[in-house]
Structures are given as structure tokens and as C-alpha cells.
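Every value quoted in this text rests on a predicted model; they were computed, and no experiment measured them. Chain letters run A, B, ... following the sequence lines, proteins first and then strands; every chain starts at 1.
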Amino acid sequence: MIDSLNPEQQSAVTLPAQHALVLAGAGSGKTRVLTTRMAWLIQTHQASPYGLMAVTFTNKSAREMLTRLTALLPINARGMWVGTFHGLCNRLLRAHYRDAGLPQTFQILDSADQLAAIKRLIKGAGIDDDKFPPRDVQRFINGAKEEGQRPGDVDAWDAYRRRLVEIYGLYQAQCEREGVVDFAELLLRAYELLQRNAPIREHYQRRFRHILVDEFQDTNSLQYRWLTLLAAGGACIFAVGDDDQSIYAFRGANVGNMADFERDYARGNVIRLEQNYRSYGHILDSANALIAHNAARLGKNLWTEQGEGEPVRVIEQPSDQLEAQWIIDEIRALIHDGSERREIAVLYRSNAQSRIIEHGLFSAGIPYKVYGGLRFFERQEVKHALAYLRLMDNPHDDTSWLRVVNFPARGIGARTLEQLSDAARQQDFSLFRAVPFVAGKGGANLARFADLVQQMAHEAQVLSLPELIEHVIHHSGLLSHYQADRDGAERLENLRELVNAAAAFVAEENFEGLPAGRIPEWAIDLSPALDRSPAAATPDPVASSGAVAQTPAVAPGDSAENGFPGVSMSPLAAFLAHASLEAGDNQAQAGQDAVQLMTVHAAKGLEFDAVFITGVEDGLFPHENSLLEAAGLEEERRLMYVAITRARARLYLTLAQSRMLHGQTRYALRSRFLDEIPDEHLKWLTPKAGRTSVRENTWSGAFRRGDAYNRPDSGSVAPREPRYQTSGVVVGDKQFRIGTGVRHAKFGEGTVIALSGTGEDAQARIQFREAGTKTLALGIARLDIVA
DNA sequence: TACACCCAAATTTTT
DNA sequence: TTTGGGTGTA
């Protein structure tokens, strides 16, 4: 099992039972080490499969882990605590919903649901949504939760923040009332549960002897605390991560957790995996050289036995159009030479860049796949169907109620809903309960809808889950609505797919033959098991309430001690949780061999034979919004590091001198990151121009690639005298570039962060230190250039 | 209730 | 330039 590993991997896998930090570089076999470690612990009887917990961030990597584990060892991975932070917390909360203060049928809001709930709250409470945009409120609430803060814990130093805290409190109350939890709440609740409930905490602390964490650099503060709390009973945390691949700080990820973990837990017990099995030398050395410019890092240097390979190709084109065209020509050549399309990836910093490349590929008739955008369970028709299903499980879920109360249209307009929510607010009822308080025609329509919901809830006790969904699609009117719709065919197709997904889910989770709304008898509630333990000194209402699975029988081979994934959940509830926690595939056209298009973020964890990194320009990559703080620039650099290390054999960096952005042509310098990679690793297919010179905005003709590709290393596109110089705008006697410092009489000092237009018509976006960001016409505004 | 129109905003987004 | 959301009109 471990013979095929390199010495560092072996020592990581066979580390003694202590906390350890594995710094695993890109392509160093991180997942392999993690799964082999698990298998090794089990095989050497240092842990039972049930004494292990493995935590990841994505469902995909959790699945991958289980697949590899079962390939290594003949064990039944079902029931093992391998999953995402959110998935495991969900499991914990389902098992102990009473102790966590949640209703048994609590439902999970995804980001969109949460936003809808916040919007509704802001409207209902009469809060000014110009001053408190729902998105900002959402970010505030999630940010607080990710720091482990309840409304009372948040530091509110001014009136604005005090109001935000108030809204947070209102939101929380609304969630409680409706029996829903958002993503961050799953984590925070689970954390608080463990923290406050000693018997439960000690139970899990005793149970899990080894906790393995993947992508540790992406953990947020709350996740870190959750992990260390679970491990406080003597468990060992085996944390695997790469600080150089931390690219989610903007979502609350705290790279500092790695350094903290090393200092506080894994002191001296750090292993570096630096041998890379993915890329050739020039690619790796480029990545190494680039990332060396970051100050805040633990330090690591990738190497390979594969040889240096080809240099990294760099191409500069006058416009984004030509950049795209060049890429498409090159892709065509690669395919012609036998490359598989799926082994070619085009990466970009922001989604807006994909359009022009898609256009080119489409015109060229090259199949491609775009990652990103809507996922299966996020599609409107699927969400509608799910909303009906949720109402079946919990009719007091106002978010779902409002989503479908009048979809398809059933004569319940804004006025009626106004009356309904007034009544609900007055009585402190859910919308469902408030229905009888609305009179008139609208009230009658509401009553009919409420009946429909109850009727369908009744069916849930009889029909299997797929049957129920079919029933819902039919009787809700979704079916006829989309049938009548001109382009409803695809939506119907997705609804059909939803039924299939449910059927697959039922089979997978052993729910076959069970009515959708019934909790299976083999489901185990962990709370009674805990009560039997002597540690549960305090009387627990759980034992007597009896609202649990009627027969807390133990499935063969399982024990209450081991727990079970589907704790106390009906197929319906389990499927709804599944739909929230795993939004499904994130790619447009599935299937055939196609060129892969995605953002750099989306590419993390993937690898390709050939990679194009596009838009390698200052202001775009690194993104202008990140330039203002050092930490931002370092994250951009890590992002570039991630991008580079996706390539196995061939890497292209492409850039355009001008680019259509927001309907305006903007000019940019090549990315500063290009200048951080030594020339010896780069091969400029177009001449490398000086970075500081100023160019006239007239193109002396587009550079074409020629057939550089077919003679890749011949140097046939030898550097000539640059025909043009790069970037910047000249107005009068002044030269403006991105990064130029300026002073304005009224706004004070600032920095140019974007330029557009030419000559007297040129405009500059300037980030002023005091006055914020302004767009100024350079021909009009009086600007002095400062050092 | 549906559609047309206008305006503002436009990194990245594992759950 | 494109997109989404909000408002106004048939």
C-alpha cells in the first residue's frame, strides 16, 4: 500500500499518532497521502473506520476520498464520517436536533434562499434597502457567523453597524421561526452544540481518534475552532494543505490557520511534499519563481524528475479579439496534432472573459464546455419543485411558501400576499398558519393553495420519493405551465431529471420502498445512545420525548456508537438536505470530449495537458480591485500560481493590450506577474516590449502567430524590434498608466486603476485615498502626477 | 399578470 | 456591453 509512495509521502502516511501538518504542494499527491493515511490507520488497527473523521470542502473531493479508500481497503465506507464540513455538521445536527434547539425537519437554505429570506425580512421590517443592500447584509451575517459571532457578540462601533447587528438579530429570529438554517449556521450550531453540551462533546471526542482535513488552507476561523474542539479529547488532527493555493480569503478562508496550527498543535511535526508529479520543469520553476515574491508563506519549492520540458509560451496581442483568435487557432493546431480536447483548458480571471473565447470556439466549430453558472439544483424550475417538497416537510417555511404560492399563477397577487404577511406578523404566525386570517377572493385562493400543500403532504405518507415528486410536478401545475411555455421543454427535461435524481438517491441511501415522508425504522437517533452513557448526568428531555424514530433499532453491523448517516430522516428530508448541500454539476454541456473553459478559481484541483491562461494583464490579473492592499496582491499571485500549476506539459500565457470591458475599450500593461518569472522559462511568441514605455494608440497591424506552433522551439518567431510600445495614455504633456499616482485639487491624492479612450477623450478611473473611486476625463480634470 | 423600459453595476464563490 | 432588478403600462 505504501511501497509506491516517495519517502516524504511515506513518512506522512505513517506519522505517529500526533497532530501533524502536511504542506502538500500542487501535484504532490496530496489526496493520495490523505487516503492512504486513512487506510494505513485502519489496517494497522490504530483506528476503526468509525474512529476516523475526514473533512473536505467539496462533495467532489469527499467522494473521491471514499472511492480511493474503498479501493485500498475492503471496507464498507457507508456510515464513515467522511464528508464536507457542512455535510458533517448537518449530520451532527440531525442526530442532536433537540439539543441544538432545532426542529426535526429543519431545512437548509442555500445562498440564494438566504438572500431571498433577507430581502423578505428587509421589506417586511421596513428597512431602507438602499442603505442596507440585501447582499451586504448577507455578507455581514455570514461573516459574523464565520467568526463564531452571534448578534450579541458582534462589535458594533457605530450606528450603521449597530443597525446591521439588529438586522442580523431579526434574521436569526426569522430563521428560528421558520425552522431553517443557512450554510454558516450549520457550522455555528454544530460548534455551539459541542461547546455547550458536555455529554455530546465528550461522546464525539472519545469517538474520533483521528481527524483528517483536506485543503486546510481554506478553513475559516469557525471551522478551525470546530476542529480543535472536536480534537480536544486527545484526537490527532492530520491537516493537509498548501498555503500557496489559498485563494478564498474573500470568502472568509483564513490562511493564518496553517501557521497557527503549526505553532499550537503540530509544532515541529510538519512534512513537506515538494515532489511534483504533474508538470515539467519550466512550468514548475515559473510557479516557484512567481510565488517566491509572496512574503507571507510557509515556504516550499516544487521539483520534478520529469525534466524541464517546453518553456512557457507568452503571447501578446493588440486586442482581446485577436487574443481569442490566436488561442482558437492554437487549439485547432493542438487538436490537429492529436491532443484531446478535454485535455486543453482555457482559464480566465473573471467570467466576463469567457464570452469572446466561447464565441471564437463556437465559430470554429470546436466543442467546448464552460464551467460555472447555474447548477442543477439551482435552476429555477428545480427550485420551484423543491419548494413544494419543502412545504410538504415544513409548511411554515415562508421562503418556499412565497416562492411557489403563486407559481404557477393561481390568482394570488401582491395585495393578497400583503394581507397575508400582515396577518402573519400580527399573530407571529407563519404564512401558512395565517391563511385563515385573509378574507375575500384572495383568501379563498390562499386556502386552496394551503389545501394543495396539505394534500401533497398527505401523499408523502404513501408515495415513494420519486413518485411524490412526479405527483408534485403534476398537481402543482408546474407540468402544464412549462408545457404551455414556448421554451419550457428544457425545464421539463430538468424536472424529469429531478425525478431520476430522486430515484438514484433513494437507491443509494437504501430508502427503497419507503414512503417519502416516513422515517425509516433503521434510522438511529444518537441522543438515546448518549443518554445511556454515564456521562449524561443531567436529565435529558430527549429520552422521554419519544418523538424520535419509533424503533431506534440498530441496523446489522451498525451500532448506536457508530451512528448512521441518515439519522432520523425521512427520504424526503434527506433528499432536500442533499439538494441544498450538493447543488450538482457545475458545467453546461456534459458529455463529449470538449475544450474546458473556466475561471482560475474553478480550476483549482484540476490538471490538463495544455493550459491557456488568458488576460495576463495588470488590472485584470492581478485584478485592479486587489491592487490596493498587499494581501490582495498576494492572493492574486497565489491565484496565478494555482493557474500555472494546472498545466502538465504545455502552458500559454496570453494577454491583450486593449480589451473591451463594460462597453469601453481599456488599455493595460502586461501583468507584473510576467515580470516575476525569469526569462529563461519563458518563450515570447510575440516580441516582449518594454513595460514602462508609452504607446500611441494606433496599431501598426496585428501580430499573427504564424506557424510558431508547428516549430515550437525553433525560435522562428524571433524577437524583432517592437512595432509598438505598450500601454498608457498620453494627454498633453502627461503620461498616465495604471498605477500612476495623481493629485486632484478637490479629491486629493490617488492612483490610476484603469484607463480608457485616447488623447483628450481619455478617461481614467482613479482610486483616491480619501474621496473613493472616481472616473475622470483626463482632458478636463486637472491632475498632477505625483511620485 | 405580463411585458416593456430604464437604470445601475459588472472579480473570484468549495457549502 | 451585458445583465439583473425595479417600475410603469396594456
Side chains of Q657(A) and Q317(A), donor plus acceptor under 3.5 Å: no
So, applying side-chain contact (heavy atoms from CB on, under 4.5 Å) with F106(A), which one of D397(A), L93(A), D393(A), V180(A) is it? L93(A)
Is it the case that atom CD in E490(A) sees more than 12 heavy atoms from other parts of the structure closer than 6.0 Å? no
Interatomic distance where CD belongs to Q353(A) and P belongs to dT2(C) [whole Å]: 16 Å
On a plain distance test, is the side chain of R251(A) in donor-acceptor contact with the base of dT15(B) below 3.5 Å? yes
Base, sugar-phosphate, or nothing for E185(A), non-hydrogen atoms under 4.0 angstrom? nothing
Which residue lies more 5' along DNA chain B, comparing G87(A) with H481(A) via nearest heavy atoms: H481(A)
Atom pair distance, as rounded to whole Å: CE in M598(A) and P in dT12(B): 15 Å
Below 4.0 angstrom from OP1 or OP2 of dT14(B), is there any side-chain N or O of S61(A)? no
If we take the C1' atom in both dT14(B) and dT3(C), what is their distance in whole Å? 25 Å
Does the structure show H623(A) stacking with dT11(B), if we require the centres to be closer than 5.5 Å and the planes to be within less than 30 degrees of parallel? yes
By nearest atom, which of the nucleotides dT11(B), dT12(B), dT15(B) is closest to the N351(A) side chain? dT12(B)
Protein-nucleotide distance (D130(A), atom CG; dG6(C), atom P), rounded to Å: 10 Å
Quick one: do R150(A) and E185(A) make a salt bridge, cutoff under 4.0 Å? yes
Salt bridge present between R120(A) and E178(A) (N-O < 4.0 angstrom): yes
Contact class for G605(A) vs. all strands (heavy atom < 4.0 Å): base, sugar-phosphate, or nothing? nothing
Side chain of F57(A) only, heavy atoms from C-beta on: which candidate in dT11(B), dT14(B), dT13(B) is closest? dT14(B)
To the nearest angstrom, the CD-C1' distance between E215(A) and dT14(B) comes to 9 Å
On DNA chain B, does the nearest nucleotide to H601(A) precede the nearest nucleotide to A409(A) from the 5' side, or the other way round? Give the residue. A409(A)
Euclidean distance, atom CZ of residue R135(A) to atom P of dT13(B) [Å, nearest integer]: 13 Å
Any side-chain N or O of N406(A) less than 4.0 Å from the OP1 or OP2 oxygen of dT1(B)? yes
Of the options dT15(B), dG5(C), dT13(B), whose atoms approach the side-chain atoms of K119(A) most closely? dG5(C)
If you check the H662(A) side chain, which of dA10(B), dT15(B), dT14(B) turns out closest? dA10(B)
Give D218(A) one of three labels, base, sugar-phosphate or nothing, depending on what nucleic acid heavy atoms sit under 4.0 Å from its own. base
Hey, does S111(A) reach any base, or is it just sugar-phosphate, or nothing, if we go heavy atoms under 4.0 Å? base
Identify which nucleotide among dT14(B), dT2(C), dT12(B) has an atom closest to any side-chain atom of Y248(A), counting heavy atoms from C-beta outward. dT14(B)
Could you give the distance separating dG4(C) and dT13(B) at their P atoms, to the nearest angstrom? 15 Å
Look at R355(A) and dT3(C) and indicate whether a side-chain polar atom (N or O) is within less than 4.0 Å of OP1 or OP2. yes
Hey, are E418(A) and R415(A) close enough for a salt bridge, meaning a charged N less than 4.0 Å from a carboxylate O? no
Should R375(A) be listed as having a side-chain N or O under 4.0 Å from OP1 or OP2 of dT13(B)? no
Using a heavy-atom cut-off of 4.0 Å across all strands, would you classify S626(A) as base, sugar-phosphate, or nothing? base
Quick one: Q223(A) CD to dT14(B) C1', roughly how many Å, whole number? 10 Å
Below 4.0 angstrom from OP1 or OP2 of dT15(B), is there any side-chain N or O of N220(A)? no
Can you tell me how far P of dT11(B) sits from CG of L661(A), to the nearest Å? 8 Å
dT12(B) pyrimidine/purine six-ring stacking with F250(A), under 5.5 Å and 30°: yes
Does Q321(A) have more than 12 heavy atoms from other residues, nucleotides or ligands lying within 6.0 Å of its CD? no
Name the nucleic acid region contacted by G411(A), choosing base, sugar-phosphate or nothing; use a 4.0 angstrom heavy-atom cut-off, strictly under. sugar-phosphate
Just the rounded figure in Å: distance from P of dT15(B) to CG of L115(A). 18 Å
